[in-house]
> 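Got a structure for you, written out below as structure tokens; questions coming shortly.
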Amino acid sequence: MKKYWPIVLLFFVFVAVVGWYLFRPELIFINTPVSESHPMLDQTDKPVNAIMLASGTFTSVAHETNGDASLLKVGDKIFLRLSDFKTSNGPDIRVYLVEAPQGTSVSKAIFEKHYLDLGDMKGNIGDQNYEIPSNVDIRKYSVVSIWCRRFRVNFGEARMKHTKQQG
């Protein structure tokens with residue numbers, strides 16, 4: 001048995017490193033705050049012309065998630081704004097706009113690729129903005145999802161209520 005202990009030790013080190021990489025347990029204890037200016041304010045904090053296109057409030061799914069989501073048109077640009085936002089941290093967390101009409105499972109819509117990936121979540125606490133490409137028809141997206149891509153789980157979602165005015 002003595003001659004196998006280096007191989008056993010190496011195996012356990014390998015399992016520990018792979019386990020850490022996959023689960024990133026330290027993120028449970030680390031918050032990443034964000035505090036981005038509202039896109040309705042310019043660099044001098046003066047209000048600019050903006051139109052509210054849709055809004056919703058987050059509900060928890062797999063992890064406690066709170067805050068508000070807004071789709072805003074500011075000039076020629078459209079932004080997703082997360083306000084008073086808070087969720088769990090984790091590995092590979094993404095922000096998705098999802099095509100999931102009322103009664104449709106958000107997870108199922110994501111598995112079927114009916115979503116727009118806005119990128120990595122900037123932080124798990126605080127106000128943040130995500131610019132939406134100008135060629136996207138946001139009217140077809142009804143939900144904002146905070147999605148863990150590594151474990152294929154929906155942390156939380158905001159069902160959006162679109163305004164009649166889509167400028």
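As the structure is a prediction and not an experimental result, all values here were calculated from the model. In what follows, every heavy atom counts, from backbone to side chain, and hydrogens, waters and symmetry copies are set aside.
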> In terms of hydrophobic clustering (I, L, V, M, F, W, Y; side-chain heavy atoms under 4.5 Å; direct or indirect links), are Leu116 and Ile146 co-clustered?
yes
> Search all heavy atoms of Ala158 against all heavy atoms of Gly56 and return the closest pair with its distance.
CB-C, 4.2 Å
> Supply the atom-to-atom distance Ile110 CD1 to Arg152 CZ, rounded to the nearest 0.5 angstrom.
10.0 Å
> Between atom OG of Ser83 and atom CG of Asn66, what is the distance when rounded to the nearest 0.5 Å?
13.0 Å
> For residues Ile132 and Leu97, determine if any side-chain heavy atom of one lies less than 4.5 Å from a side-chain heavy atom of the other.
yes
> Would Glu36 and Lys122 satisfy salt bridge (charged side-chain N to carboxylate O under 4.0 Å, His left out), going step by step from the backbone distance to the final call?
CA-CA 10 Å; Glu36 292 186 327; Lys122 296 176 181 179; 3.2 Å; yes
> Please evaluate residues Glu157 and Thr59 with respect to the criterion side-chain contact (heavy atoms from CB on, under 4.5 Å), reporting the C-alpha separation (whole Å), side-chain torsions for both, the decisive distance (0.1 Å), and the verdict.
CA-CA 6 Å; Glu157 61 190 46; Thr59 57; 3.9 Å; yes
> Not counting sequence neighbours, list each pair that qualifies as a ring pair (Phe, Tyr, Trp, His ring centres under 6.0 Å) and has a residue in residues 118-137.
none
> Closest approach of Arg150 and Pro91, non-hydrogen atoms and distance?
NH1-CB, 3.2 Å
> Is there a side-chain hydrogen bond (donor to acceptor under 3.5 Å, both in side chains) between Ser145 and Asn154 once you walk through the steps?
CA-CA 7 Å; Ser145 172; Asn154 188 7; 2.8 Å; yes
> If hydrophobic clusters are built by linking Ile, Leu, Val, Met, Phe, Trp and Tyr wherever their side-chain heavy atoms come under 4.5 Å apart, do Phe151 and Val95 end up in the same one?
yes
> Which heavy-atom pair separates Thr104 from Arg159 by the least distance, and what is that distance?
O-NH2, 3.7 Å
> Would you indicate whether the side-chain heavy atoms of Met160 and Val143 approach each other to under 4.5 Å?
no
> Membership question, hydrophobic clusters at under 4.5 Å side-chain separation (ILVMFWY): are Leu80 and Val136 in the same one?
yes
> Sequence neighbours left out, what passes salt bridge (charged side-chain N to carboxylate O under 4.0 Å, His left out) with Asp68? Give chain and number order.
none
> Answer with yes or no whether the hydrophobic clustering places Val153 together with Met121; edges join I, L, V, M, F, W, Y residues whose side-chain heavy atoms lie under 4.5 Å apart.
yes
> Salt bridge or not for Arg149 and Asp92, using N-O below 4.0 Å?
yes
> Would you sort out whether Phe85 and Asp127 count as a side-chain contact (heavy atoms from CB on, under 4.5 Å), showing the intermediate values?
CA-CA 6 Å; Phe85 180 73; Asp127 301 333; 5.7 Å; no
> Parallel, tilted or perpendicular for Tyr96 and Trp147, by the 30°/60° rule?
parallel
> Leu53 and Ile78: side-chain contact (heavy atoms from CB on, under 4.5 Å), yes or no, with the steps?
CA-CA 9 Å; Leu53 301 175; Ile78 297 177; 4.1 Å; yes
> State, yes or no, whether a side-chain contact exists between Asp120 and Arg94 at a heavy-atom distance under 4.5 Å.
yes
> Are Val106 and Leu118 connected into the same hydrophobic cluster when the rule is that any two of I, L, V, M, F, W, Y join if their side-chain heavy atoms are below 4.5 Å apart?
no
> I need the minimum non-hydrogen distance between Thr32 and Asn124, along with the two atoms involved.
N-OD1, 2.6 Å
> Looking at every non-hydrogen atom in both residues, tell me the closest pair between Ala109 and Val98 and how far apart they are.
CB-CG1, 3.6 Å
> Do Ser134 and Lys77 make a side-chain contact, defined as non-hydrogen atoms from C-beta onward lying under 4.5 Å apart?
no
> Decide, yes or no, whether a salt bridge links Lys86 with Glu64 under the criterion of side-chain N to carboxylate O below 4.0 Å.
no
> Please report the shortest heavy-atom distance between Pro39 and Arg81, naming the atom on each side.
CD-CD, 3.8 Å
